[in-house]
Each structure stands twice: as structure tokens, then as C-alpha cells.
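This report concerns only the one structure given below.
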Amino acid sequence: MSGKILALAGGVGGAKLALGLAHLLPPAELTVAVNTADDFEHLGLSICPDLDTVMYTLAGVANPETGWGRRNETWTVMEALGQIGGETWFRLGDKDLAAHIERTRRLRAGESLSTVMRDLAARLGAKPAIVPMSDDPVRTMVMTTDRGELAFQDWFVRLRCAPAVRSVRFAGAEKAQPHRALTDLDDLRGIVVCPSNPFVSVAPILAVPGVRAALVEAKAPRVAVTPIVGGQAIKGPAAKMLAELGHDVSALGVARYYRDWVDGFVLDAQDAGLAPEIEALGMKVRVADTVMRNDDDKRRLAARVLEFVDELAVSGQHS
Ligand code: FO1
């Protein structure tokens, strides 16, 4: 089947599946809409971690060890900054800094984030469209039980996600305009929710006014891939957040969180036993190997996801 796939993604997990999809689809048939609520101003620069992670991954220049930042990175600036007493808790590599410097310059000159990212991604060789969820600033704020409210990167990187989370809000979301790729959803082949953190990667995209309604009304099937396998997050604090926010710490907990708007749920083979309970929520289930260790895994999972999307379209078991 043809038609466009719209993938919703956060950082590392989202980028991996996006790369799998990019291996299988012509560039014109894939748009990756990325969370920007992790963005922040740091050292006077506009940092967009999830957009850059997706961009570097699709361009083939991502750091394979961390998933974020660039491969073959050097750290001369961070070392020199540390020496003179500067802030080094958020590690910006020398090559990575180039993107932050150029993006900041162009944003200050009045260009939109989507225009700047389109150009940077093209220069680096990322082929599919990579779009921010909005050109307007939206910032995740994490209310913790013992440290009050923290800006996302303070909580995530500086405090290593240690403070327990009570709630999350997306400052500025109510005034943000969605990117049109998230609201013009005619003629889509399918919508894929990548295995990103439901609370701080996917939820901010849906918090941009108009996006949730557009996704719910879209004619195309909506398929989510679990970020939780065997009760644990593949990467990051998703499992910890499920527990702290009062959800079941399992793929079932994630499926329940998505039940209002997702038609199909891709469950890991380890969790196949949860399929009946997820189906009872009114979703179709597909079991697959969802842990992406290498490029073949990414391609295989992407193929399973596309197959599932097309089956849901044929059977009309969506919308
Ligand atoms: N994550 C870390 O855990 N430590 C870092 O020092 C760090 C630096 C960094 C620099 C640029 C970038 O694009 C991402 C970076 N990340 C770092 C990852 C990032 O902050 C998080 O993974 C995302 O915001 C969560 O999706």
C-alpha cells in the first residue's frame, strides 16, 4: 500500500523506529512529528534534544552508544568550559554544538523552528520530513514530590530522573499552533506512535491544541508500539513514571493510557500474555520483537508495524 505514514516520536526510542520506517518507505511517504517540550535554553543556545536525536539518527550520524548526540564526537568545548567553572551537567559535544549555534542564530533572526530544522536535516542528509510538533515554545514541567516543580532537563539530566513525579504539565501548550503535518491528516496511510515515553514524549504532542482531535478523527489507522517490555522501559524513566503516576507498570498500563485514540497496539513477544486484556480495551494487538538492538531489528519491527497498519485499514477496524 502507499500513502504517507505520520510517525509521532520523542527521542532515542522514537528515532530508532523512525529509522526502521525510513529504511522501508520512500522519503516522501514518511513524516516524523517530534516532541519539542524537552527543548530548553542552555548556555544561551536553543537546544532541541528530540528533534536533533531524530535528525542525527535519520542522517546516520547519531552516537550509537548514547542514542543522542553525534558519533565520533569530541568534547573540547565542554572540557574547557569545565576548567573555567562553566556549567557542564548537560553535555554538548563539539560537533553537536554546531547545530545548536546555527539553530539559535537563525531562530534569533526570526526564522521558524520548522524551517531551520528542515534545512539542517537536509544538510546532514536526513531524507524524510522531520517536523517539530509546533514552532511555538512548549516546555515540560515536572512536579515532583520532594523538589517542587522542575524544568524537564533539570529533572531528567541534572537530577537523573530521581525525584518522584507527581504530575506533568506542558507550559505554553495552550497557546501553541500545531505543525500542519499533525492536523492535515487526509490521505494518510497510517499513524504510528513510536515507542517513546507516553507521558513526556507523546503526551506533549497531543497537548498542542487541535492535535488530539485531528488524530482521533483521522481516517487512517493509529498504531502504537509499546515502550515497555517485561515491565521495564527499554530506555529512560517510562516505567518509573508509570508507577509514580499510578498506572500499571506494563504494556497494559500504556495501552490503557492510549485507549481513547489508538486502534492497534504492538506488544513485545515477552508480553504476549497481556494480549487478551489489551484486546478487551477495544484495541487490536500485534505481537512482535520490539527491542531494537541493530538496524535489522529496526527494519523488521517497522515492517511488522506497516503490515499491521495495512491490515487495520483493510479490515476497517479503526476510526
Ligand atoms: N542526556 C543525558 O542523559 N545527559 C546529557 O548530558 C545529555 C546531553 C544532550 C545533549 C544534546 C542532546 O540533543 C541531547 C542530550 N541528552 C542528554 C539527551 C536528552 O536530553 C534526553 O534524552 C531527551 O530530552 C529525552 O528524550
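Order of appearance sets the numbers: ligands from 1, and atoms from 1 within every ligand. Everything quoted here is computed from the prediction, not taken from an experiment.
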N-O pairing of Glu311 and Lys284 below 4.0 Å: no
For ligand 1, note which part of Phe90 has a heavy atom under 4.0 Å away: side chain, backbone, both or neither. both
Those atoms of ligand 1 less than 4.0 Å from some heavy atom in Trp89: 6 (O)
Of the side chain and backbone of Asp50, name the one, both, or neither that has a heavy atom under 4.0 Å from an atom of ligand 1. side chain
Per side-chain contact (heavy atoms from CB on, under 4.5 Å), Leu8 is matched among Asn35, Val211, Val34, Leu182 by Leu182
Please list the nearest protein heavy atom to atom 21 (C) of ligand 1 with its residue and the distance rounded to 0.1 Å. Phe156 CE2, 3.5 Å
Of the protein's non-hydrogen atoms, which lies at the shortest distance from atom 11 (C) of ligand 1, and what is that distance? Asp96 OD2, 3.3 Å
For Gln177, is the CD atom crowded, meaning more than 12 foreign heavy atoms sit under 6.0 Å from it? no
Could you check Trp89 against Glu87 for side-chain hydrogen bond (donor to acceptor under 3.5 Å, both in side chains), going step by step and ending with a plain yes or no? CA-CA 6 Å; Trp89 61 270; Glu87 276 191 62; 2.6 Å; yes
Check whether Trp261 forms a cation-pi arrangement with Arg222 (NZ or CZ under 6.0 Å from the six-membered ring centre, at most 45° off the ring normal). no
Using heavy atoms and a threshold below 4.0 Å, how should the contact between Leu92 and ligand 1 be classified: side chain, backbone, both, or neither? side chain
Could you find the nearest protein heavy atom to atom 16 (N) of ligand 1 and give me its residue, atom name and distance? Trp68 CD2, 3.4 Å
Could you identify the single nearest non-hydrogen protein atom to atom 20 (O) of ligand 1 and state the distance to 0.1 Å? Gln153 OE1, 3.0 Å
What's the shortest distance from atom 25 (C) of ligand 1 to any protein heavy atom, and which residue and atom give it? Asp38 OD2, 3.2 Å
When you check the gap from the basic side-chain N to the acidic O, do Asp119 and Arg106 get nearer than 4.0 Å? yes
Should you measure from each heavy atom of Arg91, which atoms of ligand 1 turn up under 4.0 Å away? 5 (C), 6 (O), 8 (C), 9 (C), 10 (C)
NZ of Lys127: more than 12 outside heavy atoms within 6.0 angstrom? no
When you measure from atom 3 (O) of ligand 1 to each heavy atom in Asn197, Ile47, Val157, which option holds the nearest one? Val157
For Leu19, run the side-chain contact (heavy atoms from CB on, under 4.5 Å) check against Val32, Val54, Asp295 and tell me which one passes. Asp295
Can Arg70 and Asp94 be counted as an ion pair, charged N to O under 4.0 angstrom? no
Nearest protein heavy-atom contact for atom 19 (C) of ligand 1: which residue, which atom, what distance? Pro49 CB, 3.9 Å
Which of the numbered atoms in ligand 1 are below 4.0 angstrom from a heavy atom of Phe152? 24 (O)
